[in-house]
> 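This is the structure I want to talk about, given as structure tokens.
Heavy-atom basis, side chains included; hydrogens, waters and symmetry copies ignored. For the single chain, residues carry numbers from 1 onward in sequence order.
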Amino acid sequence: MTYTNPILNADWSDPDVLRVGDDFYLTASSFGRAPGLPLLHSRDLVNWTLVGHALQLLEPAAEFRSPRHDCGVWAPSLRHHDDRFWIFWGDPDQGIYQINAPEIRGPWTRPHLVKAGKGLIDPCPLWDDETGEAYLVHAWAKSRSGVKNRLTGHRMNPDGRSLLDEGKVIVDGDRLPGWFTLEGPKLYRHEGRFWILAPAGGVETGWQGAFRAREFFGPYEERIVLEQKDTDVNGPHQGGWVRTQTGEDWFLHFQQRGAYGRVVHLQPMRWGADGWPVLGADGAPVAVHERPALPPQPDAAPATDDDFPGGRFGRQWAWTANPQDGWATQHSGDGLRLSCVRTADAHDLRKLPNILTQRLPGTPSAVEVTLELPSEDPGARGGLAVLGDAFSWIGLQRGPDGTVHLVHRFAEGVAERERDAAHPQLVPTGRVRLRIEIGAGARCRFFYDVGEGLRPSGPVFTATPWRWVGALLGLVALAPEGSGHAGSAVFIRFRISPL
């Protein structure tokens, strides 16, 4: 039996992986969305399901009341120590945070700031079972600190709550010929050595490095252990090493794919005669490979479809900022009732915290949802969006005279407000089936059905990412500024299917 890469074909950015017993767990960057720190589970490293999130609200909470799409949770590390799960991550504007829990599904502690500072990113802890000591390594974001291309190491209090020294640069990428943008370190102990697996060269063009030393603070030797070579997998790097219960070694990493974000690949890993790890096919990414020697598992992938039973949405959804009470209303039937939140930014979806999102699928797909607009507030609207630094959405809007119109709007990345992508048209029923077909190159075609069959709307829109985040699918409900409750938009039967 073989598997085909990518094993997670959507934006599961900066993955880290862990095995506890027969179970594998994975977390990823979630940036400014809430809930954050997704938690995935697998029994075979190929089939993954989303089982929850470790972070319900970003902190400081007030700073994430509005979208900060490229900020927040960067490059987490997932570990298991002292019968607890631990996640460390860097917020480039705040510092290094830590949370922990007795079980992967929680309850997770509130975020604890281990080290405050600007530009502290990509932290990874290590508890040394041989000596009882604990360590932490992290990278630097030049945009906040003026420093990059180096890894700093600390001794850490074994309780994981504080660092015991000011830190020392243990790997300086500026001293390594040809190396740049060294970041994303993962710290391990193996056969008497400290190992750091860390990428360099940038997310679109870089490579995976390995560093080893007899002592934590060095000196370290380095080697490139995974690079694109003659494959079509650009910038293969930043991920984690895991050993199965049968003794096999594997490495999970991402590939940057533009609007699709950072998709996840699984590489075989072995230790060469010289003691260095060999990833993929002699250092090149594999496209197809024999599966891990583990019990067969049914095909599985993180959920996307949702019937919104009782007005509740599934764990595959996240808000574009910390949520507030009243954005979604529970009820006895099916269908999601999103409040048409009043805002001065109704002209620009990029500024709205109350968009409910999930990842853009990495393969050609059709996205469908049925929308009703019971709100009678003039200007109230709801719709289905493709959201990045450019965006486009299609949906319904209530006019000043009480009529409901189908609208389709977009904004370029440099535009400050949206404009029409198609002429508005009357929808007497106030109900529409919306469809977006996402083809090669994230080119999106919009359709609608008001009871007369699907019809196309507007020109092709090419989805775009933010700087670090792939494009998102979003459910939108909003209203212009005013007084009183603006009613709601109702979304029914959300589906993503292959094209």
> Centroid separation under 6.0 Å, is that true for the rings of Y97 and W89?
yes
> Does a side-chain N-to-carboxylate-O contact under 4.0 Å join R68 and D93?
yes
> Any sub-3.5 Å donor-acceptor pair from R359's side-chain atoms to D11's backbone N or O?
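Flag set: sc R359 to bb D11 pair under 3.5 Å.
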> Keeping S365 on the side-chain end and P361 on the backbone end, is there a donor-acceptor pair under 3.5 Å?
no
> Quick one: do M156 and L163 satisfy side chain to side chain contact (heavy atoms under 4.5 Å, CB included)? Show the steps, please.
CA-CA 4 Å; M156 183 176 72; L163 303 178; 3.9 Å; yes
> Between Q316 and D305 (side chain of the first, backbone of the second, donor and acceptor by atom type, cut-off under 3.5 Å), is there such a pair?
yes
> Salt-bridge test for R243 and D249: reply yes if a basic N is under 4.0 Å from a carboxylate O, no otherwise.
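A salt bridge links R243 with D249.
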> Would you say the ring centroid of W207 lies under 6.0 angstrom from that of H237?
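Ring centroids of W207 and H237 are no less than 6.0 Å from each other.
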> Is there side-chain contact between L57 and P323, with heavy atoms separated by less than 4.5 Å?
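Of all side-chain heavy-atom pairs linking P323 with L57, at least one is under 4.5 Å.
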> Just so I know, are the side chains of L120 and K115 near enough to count as touching, which here means a heavy-atom distance under 4.5 Å?
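A side-chain contact exists here, since the closest heavy-atom pair is under 4.5 Å.
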> Consider only side-chain N and O atoms of Y135 and E133, and report whether a donor and an acceptor are under 3.5 Å apart.
yes
> Indicate yes or no for a side-chain donor-acceptor contact from T27 to the backbone of L39 under 3.5 Å, with no hydrogens or angles considered.
no
> Can you label the angle between the H81 ring and the W127 ring as parallel, tilted or perpendicular, going by 30° and 60°?
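Because their plane-to-plane angle is under 30°, the rings of H81 and W127 count as parallel.
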> List the steps, then state whether side chain to side chain contact (heavy atoms under 4.5 Å, CB included) holds for L279 with Q208.
CA-CA 9 Å; L279 274 56; Q208 178 65 38; 4.2 Å; yes
> Flag the pair Y188 / W241 as yes when their ring centroid distance falls below 6.0 Å, and as no otherwise.
yes
> Can Q267 and H253 be counted as having a side-chain donor-acceptor contact under 3.5 angstrom?
yes
> Apply side-chain hydrogen bond (donor to acceptor under 3.5 Å, both in side chains) to the pair D389 and T464, showing each step before the final yes or no.
CA-CA 6 Å; D389 74 348; T464 62; 2.7 Å; yes
> Is the backbone N or O of R161 less than 3.5 Å from a side-chain atom of H112, with the two atoms forming a donor-acceptor pair by type?
yes
> Taking atom CZ of R84 as the centre, does the number of heavy atoms from other residues, nucleotides or ligands within less than 6.0 Å exceed 12?
yes
> Does NZ or CZ of R33 come closer than 6.0 Å to the centre of the six-membered ring of F31, within 45° of the ring's axis?
no
> What distance do W12 atom CH2 and R262 atom CZ have between them, rounded to the nearest 0.5 Å?
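If we round to the nearest 0.5 Å, W12:CH2 and R262:CZ are 15.0 Å apart.
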> Counting the benzene-type ring for Trp, do W271 and H190 have ring centres under 6.0 Å apart?
yes
> With a cut-off of 6.0 Å (strictly less than), are more than 12 heavy atoms of other residues, nucleotides or ligands near CD of E191?
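Open.
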> Any idea how Y3 and H289 line up, ring-wise: parallel (<30°), tilted (30 to 60°), or perpendicular (>60°)?
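Answer is tilted, since the angle falls between 30° and 60°.
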> I want to check something: taking the side chain as every heavy atom from C-beta on, are P302 and Q358 in contact at a cut-off of under 4.5 Å?
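Sidechains of Q358 and P302: no contact.
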> With distance as the sole test, does T320 use its side chain to make a donor-acceptor pair with the main-chain N or O of L352 at under 3.5 Å?
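A pair under 3.5 Å: yes.
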> Could you grab the distance from atom CD1 of I355 to atom CG of L338, nearest 0.5 Å is fine?
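Separation between the atoms: 10.5 Å.
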> State the CZ-CG distance between R350 and D345, to the nearest 0.5 angstrom.
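So the CZ of R350 and the CG of D345 are separated by 10.5 Å.
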> Given 3.5 Å as the limit, does a donor-acceptor pair link the side chain of S339 with the main chain of G326, or not?
yes
> Taking the side chain as every heavy atom from C-beta outward, state whether L473 and I496 have any atom pair closer than 4.5 Å.
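When only atoms from C-beta onward are counted, I496 and L473 do touch, with a gap below 4.5 Å.
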> Rounded at 0.5 Å granularity, tell me how far CZ in F391 sits from CG in L349.
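It comes to 4.0 Å.
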> When rounded to the nearest 0.5 angstrom, what distance separates CZ in R312 from CG in L336?
11.5 Å
> Is a donor on one side and an acceptor on the other found under 3.5 Å between the side chain of Y220 and the backbone of F216?
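Yes, because the side chain of Y220 sits within donor-acceptor range (under 3.5 Å) of the backbone of F216.
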> Quiz question: by atom type and distance under 3.5 Å, do the side chains of Q297 and N47 form a donor-acceptor pair?
no
> Of all heavy-atom pairs between P292 and V46, which one has the smallest distance, and what is that distance?
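Shortest heavy-atom contact: CD-CG2, 4.0 Å.
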> So, do F494 and W317 have ring centers that fall under 6.0 Å from each other?
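Yes, they do, as the ring centres are separated by less than 6.0 Å.
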> Is the backbone of P15 close enough, under 3.5 Å, to the side chain of Q238 for a donor and an acceptor to pair up by distance?
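No: the side chain of Q238 does not pair with the backbone of P15.
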> Start with the C-alpha gap between F254 and D14, add the side-chain angles, then the distance that decides, and say whether side chain to side chain contact (heavy atoms under 4.5 Å, CB included) holds.
CA-CA 6 Å; F254 75 72; D14 311 318; 3.1 Å; yes
> Are side-chain N/O atoms of W108 and N100 paired as donor and acceptor at under 3.5 Å?
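On atom types as modelled, these side chains do not qualify, holding no pair under 3.5 Å.
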> When you compare the side chain of L26 with that of L18, does any pair of heavy atoms fall below 4.5 Å?
no
> Return the CZ to NE2 distance between F217 and H154, rounded to the nearest 0.5 Å.
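Interatomic distance, F217 CZ to H154 NE2, rounded to 0.5 Å: 8.5 Å.
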> Would a distance-only check, ignoring hydrogens and angles, find a side-chain to backbone donor-acceptor pair under 3.5 Å from S77 to P123?
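Yes; judged by distance alone, with no hydrogens or angles, the pair exists.
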> Taking the six-membered ring of F194, is NZ or CZ of R212 closer than 6.0 Å to its centre and within 45° of its axis?
no
> Is a salt bridge present between D22 and R43, judged by a nitrogen-to-oxygen distance below 4.0 Å?
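Salt bridge flag = no for R43 with D22.
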> Using a strict threshold of under 4.0 Å (side-chain N to carboxylate O), is an ion pair present between E481 and R342?
no
> Quick one: closest heavy-atom pair of A139 and D122, and the distance?
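Closest approach of A139 to D122, heavy atoms only: CB-OD2, 4.0 Å.
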> Can you check whether H138 reaches I96 side chain to side chain, under 4.5 Å on heavy atoms?
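H138 reaches I96 side chain to side chain.
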> Can you confirm whether the side chains of D44 and S42 place a donor and an acceptor under 3.5 Å from each other?
yes
> Salt-bridged, E130 to R189, with N to O below 4.0 Å?
yes
> Considering only NZ, NE, NH1 and NH2 on the basic side and carboxylate oxygens on the acidic side, decide whether D282 and R270 come within less than 4.0 Å.
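Between R270 and D282 there is a salt bridge, with a charged N closer than 4.0 Å to a carboxylate O.
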> Within a strict 4.5 Å, meaning less than it, do heavy atoms of the R150 and W140 side chains meet?
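Counting from C-beta outward, R150 and W140 do come under 4.5 Å.
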> W195 versus P277: any side-chain heavy-atom pair under 4.5 Å?
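Yes. Closest side-chain heavy atoms under 4.5 Å.
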> For atom CZ of R175, decide whether the heavy atoms of other residues, nucleotides or ligands shown that lie under 6.0 angstrom number more than 12.
no
> Apply side chain to side chain contact (heavy atoms under 4.5 Å, CB included) to the pair L45 and T244, showing each step before the final yes or no.
CA-CA 9 Å; L45 289 173; T244 71; 4.1 Å; yes
> Minimum heavy-atom separation for L164 to N157, with atom names?
CG-N, 3.6 Å
> Do the two ring centres, one from W319 and one from F64, sit under 6.0 Å apart?
no
> Please identify which of these residues, Q255, R257, Q228, meets the side chain to side chain donor-acceptor pair (under 3.5 Å) condition with N234.
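Filter result, single survivor: Q255.
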